[in-house]
Amino acid sequence: MKNTLTSVLVLAVAAASGAADFAALAEKAANYVSGGDVVPLRELERALVATIDAPADRAQAEAALVRMLAADASFEAKRFACERLSEYGTDAAVPALAALLGAEETAGLACIALGGIRTEKAAEALRTALAASKGPSRVQG
């Protein structure tokens with residue numbers, strides 16, 4: 001209960017100040033595991049939606065999602081980040097997503113995200129990975 005109240009207060013402060021602290025929200029969400037507290041994911045999701053009216057915040061939001069792709073983040077956090085990057089991602093996210101294409105566990109997640117980023121750089125990352133992939137990773141690409 002204390003964590004939920006704290007999370008709600010953090011979001012309220014961010015909303016009052018006009019901008020979310022995407023780095024802090026992503027840091028909390030990076031440890032999410034199935035069955036855990038979903039509040040950090042929902043807070044980040046609400047902050048992302050708010051960037052529709054604040055394009056200046058989109059780069060910070062995207063950078064926070066990219067940080068959630070780090071090796072120490074949970075698989076579920078990576079899945080969340082990839083799903084959101086398929087909607088909010090730009091060429092800035094492509095290198096981190098391309099790195100996920102090399103691991104069988106995350107190749108499918110990265111394909112989803114890169115498929116949503118409709119730029120030549122994202123398409124090239126997918127083509128390059130496809131040429132080098134084998135087995136289940138190749139099927140996902």
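The backbone N or O of E83 sits less than 3.5 Å from a side-chain atom of S86, completing a donor-acceptor pair. With hydrogens and angles disregarded, a donor-acceptor distance shorter than 3.5 Å links the side chain of T106 to the backbone of L100.
I52 and F22 end up in the same hydrophobic cluster when Ile, Leu, Val, Met, Phe, Trp and Tyr side chains are linked at under 4.5 Å.
A pairwise comparison of heavy atoms in A47 and A20 identifies CB-CB, 3.6 Å as the closest pair. In terms of heavy-atom proximity, A122 sits nearest to D91 at N-OD1, 4.2 Å. Here the closest heavy-atom approach between residue A110 and residue C82 is recorded as N-SG, 4.2 Å.
At least one side-chain heavy atom of L114 sits under 4.5 Å from a side-chain heavy atom of V94.
Residues that satisfy the salt bridge (charged side-chain N to carboxylate O under 4.0 Å, His left out) test with E124, not counting sequence neighbours, are R127.
Note that CG of D21 and CD of E43 are 11.0 Å apart. Values are rounded to the nearest 0.5 Å. Considering CZ of R84 and CG of L65, their distance stands at 8.5 Å, rounded to 0.5 Å. Distance check, rounded to the nearest 0.5 Å: CG of L101 to CG of L130 gives 10.0 Å. Here the CG-CG distance, from N31 to D37, works out to 11.5 Å after rounding to the nearest 0.5 Å. Going from atom CD1 of I112 over to atom CD1 of I117 covers 12.5 Å, rounded to the nearest 0.5 Å. Put simply, CG on L25 and CD on Q60 are 11.0 Å apart, with the number rounded to the nearest 0.5 Å.
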Sequence neighbours excluded and cut-off under 3.5 Å, please list the side-chain donor-acceptor pairs for residues 66-81, or say none.
{"from": "S74", "atom 1": "OG", "to": "Y32", "atom 2": "O", "distance (Å)": "2.3"}
{"from": "S74", "atom 1": "OG", "to": "A77", "atom 2": "N", "distance (Å)": "3.0"}
{"from": "E76", "atom 1": "OE2", "to": "S34", "atom 2": "OG", "distance (Å)": "3.1"}

Kindly indicate, with the supporting measurements, whether the criterion salt bridge (charged side-chain N to carboxylate O under 4.0 Å, His left out) is fulfilled by E45 and R42.
CA-CA 5 Å; E45 197 165 43; R42 297 301 160 239; 2.9 Å; yes
